[in-house]
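Computed from a predicted structure; not experimentally measured. Values reported hereafter were calculated over all heavy atoms of this structure, with side chains retained and with hydrogens, waters and symmetry mates removed. Below, read A as the first sequence line, B as the second, and so on, with proteins coming before strands; counting in each chain starts at 1.
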There are 2 protein chains.
Amino acid sequence: MATIQDVAREAGVSTATVSRVFSAPDLVLEATRQKVMEAVQRLGYEPNFAAKSLRTLRTEKILVTVPDISNPFFSQVIRGVEEAALAAGYSVLLGDTRHEEAREEQYALMFRRKEADGLIFLGHRLPDVLAEMLAAKGPRTPIVNGCEFRPGLAVSSAHIDNERAAAEVMDHLYGLGHVRVGVVTGPLASPISSDRLAGVLTAAQRHGRASALRIAIGDFSIESGVRQAGGILDEPGRPTAIFCFSDEMAMGALEAIRQRGLDCPRDISLVGFDDIRFAQYLHPQLTTVRQPKEQIGHEVVRLLLDILAGRSTALQNITLPHQLVVRGSTAPPPA
Amino acid sequence: MATIQDVAREAGVSTATVSRVFSAPDLVLEATRQKVMEAVQRLGYEPNFAAKSLRTLRTEKILVTVPDISNPFFSQVIRGVEEAALAAGYSVLLGDTRHEEAREEQYALMFRRKEADGLIFLGHRLPDVLAEMLAAKGPRTPIVNGCEFRPGLAVSSAHIDNERAAAEVMDHLYGLGHVRVGVVTGPLASPISSDRLAGVLTAAQRHGRASALRIAIGDFSIESGVRQAGGILDEPGRPTAIFCFSDEMAMGALEAIRQRGLDCPRDISLVGFDDIRFAQYLHPQLTTVRQPKEQIGHEVVRLLLDILAGRSTALQNITLPHQLVVRGSTAPPPA
DNA sequence: GTTATCGATGAATTCGATTACATTGGAGCG
DNA sequence: CGCTCCAATGTAATCGAATTCATCGATAAC
């Protein structure tokens, strides 16, 4: 591969001029620019990335860690991230942490080694390495969280109002006349789950139905939906509605409902969360909470770019709008 | 951030020794190693990636381009890639090309700029930039394809036998007694579609049913499944079975079947392709062809590492085993 | 006792681009 | 005509780590 020296020699100019042709073309005479570009063409020159990065201390990369890339919710968020990053001239380094702490730390080290200019993490755990960096540099550290807002966390973030969304779901169910409602949460360590659970409890109390709640803890997977919803359905005093904290768990719940010879929504109403692409193609179509997935991706990138450009000094925690999408899986309870 | 110079000064040794502590610890006296490691600890030193990369001309990164990251099939393959790459000390640079040629070229340029040691592309188009590189360096160019094998393409690849898999699907349907079969393909520019279509035609001819085929061209999306399967269902001489070249299109077909008041599998049998995680949670559970998605990911990485390590000189096109998974969406045609 | 050998370490070069600073030639001005 | 100023370009330092070659002391061999 040709280097900038080769191009300079070929074009009969200095390396400085060649460099300027790329980074500040208006400082170079048009005729010179032409000469250089011809040499570039002839040699098939591409600037070496490592050299540029070493000199400028920038990588033009954003590291994104995600608990599970095969989850359609996350992959939509990532799409948004990728789109916004590319538009700003950044590319995306992807890290699938598989919900494992060790991998989260591993990627955090990559970031500290300066393999990326910024880090976006979509999980709820802040790796120790990052916590140290944040403690040292404060809110100007280019680290941003998506989806999982927790007030104590010293990072900017973009997310929906999970508590309110969950309360709206419960209002919808109580409004239809349901009394006994089952809830399948995610792991309660994550704010995404605990906030939604708080919303569920608030709404239940407001409607005087707190004692009729059945809570089961899932892990956002389809299988845990089958298992946890199944458990709820098998208890005495079976609920007439189930609210799952993800659409995938709702898919599992639908299976559990069918396995027991029940019908959704006739016998059991079902609500999911996220509104993944598949939600509206289930049978019945799934009532769920739409998260602005790509927009979350755009926003976290914007927050990160603000930090990188030195435009922002204080933390920003952005709440994006969600929407309860009522479809065929919810109906009044059986008489 | 501390540099290697700082560490050397702090430990009272030269930078060469510090470097050796990391890359060839057995050349360094244990006592010296201790001293250096203490200095590293005290300063929180991490080697600068760009500097290392510039010197060694290696990035320890693999660039993976994928037509659509939000497609569960691809995200499973990527999981496999990520896992195998990480195990070998590489990290993954993700490029979502959104089926757009311009983005494919853009990522190809990134690769040429040496932002990654190797490239895995999961689409069917070989960007011009890559074709040039392959022409120049031959089969030792670290470029590998996943899923989309085409004999003329001068790259190694890992994929299933799409033609045979499609033929097996048709055998299954004809075996059940179906005569009129509808097929929803993907874009025929991709070998994945044309190979499968070839398998469909071969099997149909073998069974003497070629003239009873109905072919519609989709684009692998749910929506195109709804549309194309719907079109097939509305024609006179409606088929009793539909074979979609992706599970997502099959989901769409299921919707089209329901919209017409028909029942799957009583009126119409349905087969998908890929066996994405959701296939077995549809209602009815979807008969489909299981692709070894994570294994494809592992294999393409292995192929790439072989090239990078200089272990392989010739092209390798690896065919991995698929499996027809018969579930509830296929049954004999109505009497 | 002299010399070859080896293990441990340091000095200095190198990777390829960016950029602060220096230089050059010509235009503009009094 | 001489001076300033500016546009265009060149020179050379720099980024941080890896690595080649040199050095030094100690041991082994004869």
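Looking at the side chain of A/Asn48, the nearest of the listed nucleotides D/dA17, C/dA17, D/dA8 is C/dA17. Among D/dA18, C/dA8, C/dG16, the nucleotide with an atom closest to any side-chain atom of B/Lys52 is D/dA18. Side-chain atoms of A/Ala51 lie closest to C/dA17 of the nucleotides C/dA17, D/dT9, C/dG10. If you check C/dG16, D/dG10, C/dA12 against the side chain of B/Thr15, the one that comes closest is C/dA12. The side chain of B/Leu57 has C/dC15 as its nearest neighbour among D/dA17, C/dA20, C/dC15. Nearest to the side chain of B/Ile4, among C/dA17, D/dA17, C/dC15, sits D/dA17. Ranking D/dT19, D/dG10, C/dT18 by closeness to the B/Ala16 side chain, first place goes to D/dT19. The side chain of A/Thr32 sits closest to D/dA8 out of D/dA8, D/dT20, C/dG16.
For B/Tyr45 and D/dA17, the shortest distance from a side-chain N or O to OP1 or OP2 is below 4.0 Å. In this structure, B/Ser14 does not reach the C/dT9 phosphate: none of its side-chain N or O atoms is under 4.0 Å from OP1 or OP2. A close approach under 4.0 Å does not occur between any side-chain nitrogen or oxygen of A/Thr3 and OP1 or OP2 of C/dG16.
Rounded to whole Å, the distance from CZ on B/Arg58 to P on C/dG16 is 16 Å. Protein atom CZ of A/Arg9 is 13 Å distant from nucleotide atom C1' of C/dG16, rounded to whole Å. With rounding to whole Å, A/Glu115 atom CD is found 14 Å from D/dG16 atom C1'. Summarising the geometry, the separation between CZ on B/Phe22 and P on D/dG16 is reported as 16 Å, rounded to the nearest angstrom. B/Phe49 places its CZ atom 15 Å from the C1' atom of D/dC15, with the value rounded to the nearest Å. Between the CZ atom of A/Arg20 and the P atom of D/dG10 there is a distance of 8 Å, given to the nearest Å.
Under a cut-off of 6.0 angstrom, the local environment of NZ in B/Lys52 is sparse, with at most 12 non-hydrogen atoms contributed by other residues, nucleotides or ligands.
Contact check for B/Leu86 versus A/Gln106: side-chain heavy atoms found under the 4.5 Å cut-off. A heavy-atom distance below 4.5 Å is found between the side chains of A/Tyr45 and A/Phe22.
On a pure distance criterion of 3.5 Å, a polar donor-acceptor pair joins the side chain of B/Arg55 and the base of D/dA18.
Each of B/Leu54 and B/Ser23 was assigned the nucleotide of DNA chain D with the nearest heavy atom; the assignment lying further toward the 5' end belongs to B/Leu54.
No engagement by B/Val18 is indicated, since no non-hydrogen atom pair under 4.0 Å with the nucleic acid exists. Within 4.0 Å (heavy atoms only), A/Ser19 reaches at least one base atom of the nucleic acid. Within 4.0 Å of A/Glu46, counting heavy atoms only, lie sugar-phosphate atoms of the nucleic acid but no base atom.
Taking the six-membered ring where the residue is Trp, B/His159 and B/Phe149 present parallel rings, their angle staying beneath 30° rather than reaching 60°.
Ion pairing of B/Glu299 with B/Arg302 is present here, as a side-chain N (NZ or NE/NH1/NH2) and a carboxylate O approach within less than 4.0 Å. Contact check on B/Arg98 versus A/Glu83 returns a salt bridge, with a Lys/Arg side-chain nitrogen under 4.0 Å from an Asp/Glu carboxylate oxygen.
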